Amino acid sequence: MATATAAHAHEPDYLNAKTGIGSWIYTVDHKRLGIMYLASILMFFAIGGFFALLVRIELMTPGETIMSPTMYNKAFTLHGAIMVFLFIIPSIPGALGNFFLPIMLGAKDVAFPRLNLLSFYIYVLGAILAVASIAINAVDTGWTFYTPYSTRTDTAVVWVTLSVFILGFSSILTGVNFIATVHKLRAPGLHWKRLPLFVWGMYATSVIQVLATPVIAITLFILIMENVLTLGIFNPQLGGDPVLFQHFFWFYSHPAVYIMILPGMAIVNEVLATFSRRKIFGYMFVAMSSVGLALVGFLVWGHHMFVAGMSEYATLVFSALTFLVAIPSGVKVFNWIATLYKGSISFESPMLYALAFLVLFSIGGLTGLFLGTLSVDIHLHDTYFVVAHFHYVMVGGTVFGFLAGLHYWWPKMFGRMYDENLARVAFALVFIGFNMTFFTQFVLGSQGMPRRYYDYLPHFAPLHGFSSVGALVLGAGFLVMAFMFIRSLASGAKAPPNPWGSAGYEWATASPPIEHNFHGQPVMTRGPYDYHLATDEELFDGFPEEAAAKE
Amino acid sequence: MENQTEPSLQLPAQLSTFAPEVDWLYHFIFWVSVVFFVGIVGSTLYFMVKYRRRPGVKSEPTGHHNTLELFWTFSPLIILFMMFFWGWQGFLQMAEAPDDAMIVRVRARQWAWTFEHPNGAIEDNEVHVPVDRPVRLVMSSADVLHSFYVPDFRVKRDLVPGMFTSLWFQAVQRDPGSVPDDAEVDPNRVLYTSQVYCAEYCGAGGAWGPNMGHATMYALVHVQRDQDYQAFLRAPRPLPCPQENGTCAVSETECSPEAAGSCLFGSKGCTACHQNQAGGPQLAGPTFVGLWGTQQQLTSGESVEVNEDFVRQSIMDPRSQVAQGYSPVMPQIQLTEPETNALIAYVRSLGTATE
Ligand SMILES: [Cu+2]
């Protein structure tokens, strides 16, 4: 790739180009918005994690441990709702996508920078409503808001659903913006077959966001109307159908699973390529499998409802389609492994998270087979097996992918390195703690422990106790990680432009990037993974100035 | 297939005719997964070691391998289809109850179960069923979603307010021959008991205890020999009485109506909405402590004395007289005449206790 990079080394970076609080609040710079998203989602990740710990501590011993059953119901609801709507869905697109998508396209910004700012403030508004609902009377419905419970409880259901309704608009606007950006702002030479896989993943995600989110918006809007005006749409006492709500809800929330996982996969592509110095094996198959997942993801919502009262034929079709999901997921995993083959692999912390993703996502995917199989699902549905399965996909998949990306791009975003040893300690704790917590839950579930239980029968006690200890280890891992990142911001070593020696386009900019990302318009002359075509200068992982001085 | 009547590490005991097949498929998927997982992790680890970065060794550019891609895209379809197909077959069996199945009505409400046998006999939070005979449950819910789940039988089905759902099972012997076929008929003999859970989240009450929330919405299935079960159906059902260990049970010794009422108050689920402890938190319905003999304001504007007639009317037809300040959520609960009398006696005893 040819740019006029090194020439003006002294232009200020995006963090220093403008100053003052107003320069942040009204910014339309995609990088600053990315950072603002990052700060917000990390805050909600911490809050959601806090509720998760409350839940696990309560379950550490049988009977009441630290809180009442009503508190417990609120705690697990808040954990789920915050993690899904305020953390995972906006996490990778909002923070890392905003920051890196334009740079990877060689663009100055997203297609509609002002819309991007609006989308962020809509997110903030939604978040404020969600927090307000906690203060008013925290919901206890579970993050799924199933009717008729959600129309009967006296907790602040209307506030939370309004919040999710509003958050949906943020998601839609980000999706529209990314789609337009990918179509319109690719640098010269960046044709579709050279598109970084992170961009492909963001693109597929955006398509789902735009198509599926309106459905949850309508659903929640009806739910709000039903609560406020006592319409009889879902409420059986007024002639409504509670199962209809489940159809509506999962019509969005199943595709939403792909809104959550595709970005994680997208990051893993980048990290695996960089740390094994090799183009992703079967590039086109991997790119198309994202699109395939996005499409099939729309057709399988019914697999959440196998025991809920659907016709046998609907059940048949949903089960069959569900197995199709395994195909694109499998294709990705096989291609990732093949990428390692004959690579030149190094094991810095981003790579550790990417490799862990491979293992954990495989477990998540394979256990999905149990749940897609009708007769077996009858036994496992709504037990801890399901809880374990989706945590392997959402945490082992998306969150590990997000952490891989955060560690990978941190030097680029903030221009500072972090303590690699500490990062590895945090990784080890997170990896071990996660598996202790959730692998145990597969066994609990297959033994018949139902989910969302405040208490349990004595024979489940040892496994529950072990799982809770795992959660504490996991929590400790995140504390170490937080300390490590904060220390990096305060006193980390200065990062070179391309610390990992990657051929990816985003590493051709300065660390942190200048306000307009590149000097002049970059022209792509090779793909982002063409290590055999990249020059030594492009792959140089130190400081170009120092190298020049030495000569 | 043989039934494995002891729980294994992964799965509960197999106590219905479905269980062996479901478990066979479970283990099939399990071993397929193990093979794939070992393959994935094994090759990853091998490549990690073999191709770790070494000075002077460069990575090789990635080529094109369309045949390989097509192979691993389409070959897993065969295994997936087998899982799908067997799962679907098993599911069909579970969906269609045999015509000769015995029908038990199940009614759920927050947070209790009521079972009604073909002859009209009622049980709360426990149900007796005959072994080796198909039993079909026809289920409904009075309030929110619930789900009837018996892990030992591998059955589960949601209860949806406003509609009937159903499931069926056939319990099998646990240790065949332990009770000889010609053993004397005994309505109280139980071969074994399996646990019933509510598997669909349904909230929790202000206080905590048995049947006070989703997590204690338990019930028990008692499996009996057919002849014992038939005798059980015919046997007179004395009211439960408090036992020395604090629980309630049907026993030889009779007790006062108030005492029996205190047991029914729990097993019929009144505790979910009515406080019976002085100073306890206010629940969805009026507190009974000190209620007897007072004047109750009704939504109709009337004011009535809380006496025998009023309480009986309130229990038997809750919607007819709704107390001021409460929502009309009290379900109609099936009670026999002696049960109703015992409950009234208990409510009276609570009312006069503080006077
Ligand atoms: Cu329930």
Side-chain angles (χ1 to χ4, degrees), chain A residues 64 69-70 73 140 142 146 148-149 152-153 236 242-243 276-279 281-282 285 307-309 312 315-316 319-320 323 326-327 330-331 333-334 337 340-346 355 358-359 362 366 369-370 373-376 378-379 381-382 443 446-448 450 452-455 531-532, chain B residues 10-12 22 25-26 29 33 36-37 40-41 43-44 47-48 51-53 57-62 65 69 72-73 76-77 80 83-84 87-88 90-92 94-95 143-145 147 149 151 154-158 160-163 165 197 199-204 206 208 213-216:
Chain A
E64 176 168 334
T70 20
N73 291 346
D140 67 343
Y146 270 13
Y149 189 79
R152 292 170 66 109
T153 169
V243 181
S276 44
R277 293 278 185 278
R278 205 159 175 262
K279 181 176 180 174
F281 194 86
F285 281 85
V307 304
E312 271 94 66
T315 313
L316 165 88
S319 168
F323 279 102
I327 296 291
V331 166
V333 171
F334 299 144
I337 297 173
L340 300 176
Y341 176 71
K342 296 203 172 163
S344 164
I345 309 172
S346 68
L355 291 168
L358 212 68
V359 175
S362 299
L366 290 168
L369 298 176
F370 293 79
T373 304
L374 286 170
S375 60
V376 180
I378 300 240
H379 174 57
H381 180 83
D382 267 333
V443 186
S446 64
Q447 287 182 354
R452 296 176 167 177
Y453 265 40
Y454 168 71
D455 198 4
Y531 283 86
H532 56 295
Chain B
Q10 291 195 52
L11 292 160
V22 170
L25 192 49
Y26 178 96
I29 304 172
S33 303
F36 270 89
F37 186 70
I40 289 170
V41 174
S43 47
T44 304
F47 292 160
M48 278 165 62
Y51 300 110
R52 67 186 182 281
R53 189 162 300 166
V57 186
K58 286 209 158 183
S59 64
E60 276 189 28
T62 311
H65 301 272
E69 291 285 351
W72 68 38
T73 307
L77 274 176
L80 294 178
M83 292 177 190
F84 158 72
W88 161 241
F91 179 79
L92 272 191
M94 296 187 188
D143 37 45
V144 298
L145 298 171
S147 191
Y149 175 35
R154 311 287 188 274
V155 294
K156 179 183 294 130
R157 185 80 181 179
D158 284 4
V160 184
M163 70 193 236
T165 55
Y197 299 89
E200 182 64 64
Y201 173 68
C202 54
W208 188 240
H214 174 53
T216 48

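Chain A is the first sequence line, chain B the second, and so forth, proteins listed ahead of strands; every chain is numbered from 1. Just so we're clear, the structure is a prediction, and the values are computed from it rather than from any experiment. FYI, side chains are in, hydrogens and waters are out, and symmetry mates aren't considered; it's all heavy atoms of this structure.
Annotation: side chain of L369(A) is in contact with side chain of L80(B) (closest heavy-atom distance under 4.5 Å). T62(B) places none of its side-chain heavy atoms less than 4.5 Å from the side chain of Y531(A). Using a 4.5 Å cut-off on side-chain heavy atoms (C-beta onward), D382(A) and E200(B) make contact. No side-chain heavy atom of S319(A) sits under 4.5 Å from any side-chain heavy atom of W88(B). Side chains of Y453(A) and T216(B) form no contact here, defined as non-hydrogen atoms less than 4.5 Å apart. A 4.5 Å side-chain heavy-atom check between E312(A) and F91(B) finds at least one atom pair inside the cut-off. Under the 4.5 Å side-chain criterion, counting only non-hydrogen atoms from C-beta, T44(B) is not in contact with V359(A). Residues H379(A) and P12(B) meet the side-chain proximity criterion, which asks for heavy atoms closer than 4.5 Å.
A tilted orientation is assigned to the rings of F47(B) and Y341(A), their planes being inclined by 30° to 60°.
In this structure, the separation between OG1 on T373(A) and CD1 on I29(B) is 3.5 Å, given to the nearest 0.5 Å. In this structure, C202(B) SG and Y146(A) OH are separated by 14.0 Å, a value rounded to the nearest 0.5 Å. For the atom pair H381(A) NE2 and R157(B) CZ, the distance stands at 10.5 Å (nearest 0.5 Å). Within the model, atoms CD of E60(B) and OG of S344(A) stand 11.5 Å from one another, a figure rounded to the nearest 0.5 Å.
When heavy atoms are compared at a cutoff of 4.5 Å, Y197(B) approaches chain A by way of both its backbone and its side chain. Using a 4.5 Å cut-off between heavy atoms, F323(A) contacts chain B through both its backbone and its side chain. Contact annotation for T153(A): neither backbone nor side-chain heavy atoms come within less than 4.5 Å of a heavy atom of chain B. Of the atoms belonging to P242(A), it is side-chain heavy atoms, and not backbone ones, that fall under 4.5 Å from chain B. Within the 4.5 angstrom heavy-atom criterion, only side-chain atoms of H532(A), from C-beta onward, approach chain B. Heavy-atom distances place both the backbone and the side chain of M48(B) under 4.5 Å from chain A. Contact of V333(A) with chain B is made through the side chain alone, with heavy-atom distances under 4.5 Å. Using a 4.5 Å cut-off between heavy atoms, R152(A) touches chain B through its side chain atoms alone. The contact between L92(B) and chain A is made entirely by side chain atoms (from C-beta outward), counting heavy-atom distances below 4.5 Å.
Aromatic rings of H65(B) and F281(A) (six-membered ring for Trp) have centroids within the 6.0 Å cut-off, being under it.
Considering all non-hydrogen atoms of both residues, G203(B) and N73(A) come closest at C-ND2, 3.7 Å. The minimum heavy-atom distance linking S33(B) with F370(A) is given by the pair OG-CE1, 3.8 Å. For the residue pair A199(B) and P450(A), the shortest heavy atom distance occurs at CA-CB, 4.4 Å.
Side-chain atoms of S59(B) never come within 3.5 Å of backbone atoms of R278(A) as a donor-acceptor pair (strictly under, hydrogens ignored).
Interface check for chain A: of the options K58(B), R52(B), M94(B), E69(B), the most heavy-atom pairs under 4.5 Å are formed by E69(B). When the candidates S362(A), A320(A), G142(A) are compared by the number of heavy-atom contacts under 4.5 Å with chain B, A320(A) comes out ahead. Between chain B and the options G282(A), A326(A), S346(A), the largest number of non-hydrogen pairs under 4.5 Å is found for S346(A). Top candidate by heavy-atom pairs under 4.5 Å with chain B, chosen from K342(A), R452(A), E64(A), Q447(A), is K342(A). Highest contact tally toward chain A, considering only V22(B), D143(B), L11(B), is held by D143(B) [criterion: heavy-atom pairs under 4.5 Å]. When each of G162(B), A95(B), P151(B), G213(B) is scored by its heavy-atom pairs under 4.5 Å with chain A, the top score falls to P151(B).
Scored by the side chain to side chain contact (heavy atoms under 4.5 Å, CB included) test, P76(B) finds I327(A) as partners (sequence neighbours excluded). Every residue meeting the side chain to side chain contact (heavy atoms under 4.5 Å, CB included) condition with M163(B), not counting sequence neighbours, appears here in chain and number order: V160(B), T165(B).
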Side chain to side chain contact (heavy atoms under 4.5 Å, CB included) between L316(A) and F84(B), worked out: CA-CA 9 Å; L316(A) 165 88; F84(B) 158 72; 3.5 Å; yes
